[in-house]
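Note that the coordinates shown come from a computational prediction; the quantities given were computed from them, not determined experimentally. Read the numbers this way: they start at 1 and go in the same order the structure lists the ligands and their atoms.
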Amino acid sequence: MEQMDSPVDSSSAPKLVLYSYWQSSCSWRVRFALNLKGLSYEYRAVNLGKGEQLTSEFGRLNPLRYVPVLVDGDVVVSDSYAILLYLEEKYPRKPLLPADPQLRAINLQAASIVSSSIQPLHMLSLLKYIEEKLGPEERQAWAHFHIEKGLLALEKLLRDHAGTYATGEEVYVADVFLAPQIAVAAKRFNVDMSKFPTLRMTYESCNALPEFQASLPDRQPDAVQ
Ligand SMILES: N[C@@H](CCC(=O)N[C@@H](CS)C(=O)NCC(=O)O)C(=O)O
């Protein structure tokens, strides 16, 4: 596994370690959140293509064998949703959840739709399985159907709350989960984002942020150009 530093400020201690894969949207969420909070971290690449998640070393960190995993001293947290909530409590600067209960619930709901009802239905291992059992066309049709279903729900959820970002004028956890998901939908699965104007607009706002730019897959140390 490669070890490199993230491009963000290096003043915070103790040093956080993020196990990540450049193309993983779940890892991307955490990279974006760490950057928004201005937290520096050591990047440890886990090459999912080469099966490095299956090593016994990685299995000790996350028995589910998925990235991301965050290590903060003695604390090991896997699952991007749990990591986000951990970061929010441990490092409250630049809050990623709003104080208003309704807005907070909408942010959590949006993050949950991405992490429970979209990404798990197009994850690599599942799509490989579908392709093996049913063929490449079914793989693409399955992914498209579930991504569009989730994005439509998000479009409806957010259209009355969005401002520059998903729930107003501040970047919150809804954006942290949405922006990588939108990029993957459009670039990897050719989803037509013009059907989701609110989501597309929030993506463009995130894309303009240096914290998001630094979290892009091809800016990571393990990226293959
Ligand atoms: N709910 C988990 C999902 C983690 C997950 O699915 N990670 C993917 C990359 S985005 C993975 O490690 N896949 C490896 C595999 O499918 O073998 C999270 O949000 O962190």
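Leu61 pairs in a side chain to side chain contact (heavy atoms under 4.5 Å, CB included) with only one of the listed residues (Val77, Leu70, Val69), which is Val69. The only option from Ser20, Ser24, Ser215 that meets the side chain to side chain donor-acceptor pair (under 3.5 Å) definition with Arg31 turns out to be Ser20.
Within the 3.5 Å criterion, the main-chain N or O of Leu16 finds no donor-acceptor partner in the side chain of Asp72. Between the side chain of Gln23 and the backbone N or O of Pro217, no donor-acceptor pair lies under 3.5 Å. Under a 3.5 Å cut-off, the side chain of Ser205 and the backbone N or O of Met201 do form a donor-acceptor pair.
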Pairwise, report which nitrogen or oxygen atoms of ligand 1 are under 3.5 angstrom from protein nitrogen or oxygen atoms, and how far apart they are.
| residue | atom | partner | partner atom | Å |
| --- | --- | --- | --- | --- |
| ligand 1 | 1 (N) | Asp79 | OD2 | 3.0 |
| ligand 1 | 6 (O) | Gln119 | NE2 | 3.1 |
| ligand 1 | 7 (N) | Val67 | O | 2.8 |
| ligand 1 | 12 (O) | Val67 | N | 2.9 |
| ligand 1 | 16 (O) | Ser125 | OG | 3.0 |
| ligand 1 | 17 (O) | Gln53 | NE2 | 3.1 |
| ligand 1 | 19 (O) | Arg29 | NH1 | 3.2 |
| ligand 1 | 19 (O) | Ser80 | N | 3.4 |
| ligand 1 | 19 (O) | Ser80 | OG | 2.6 |
| ligand 1 | 20 (O) | Ser80 | N | 2.8 |

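A salt bridge is absent between Lys37 and Glu211; no separation between the charged side-chain nitrogens and carboxylate oxygens falls under 4.0 Å.
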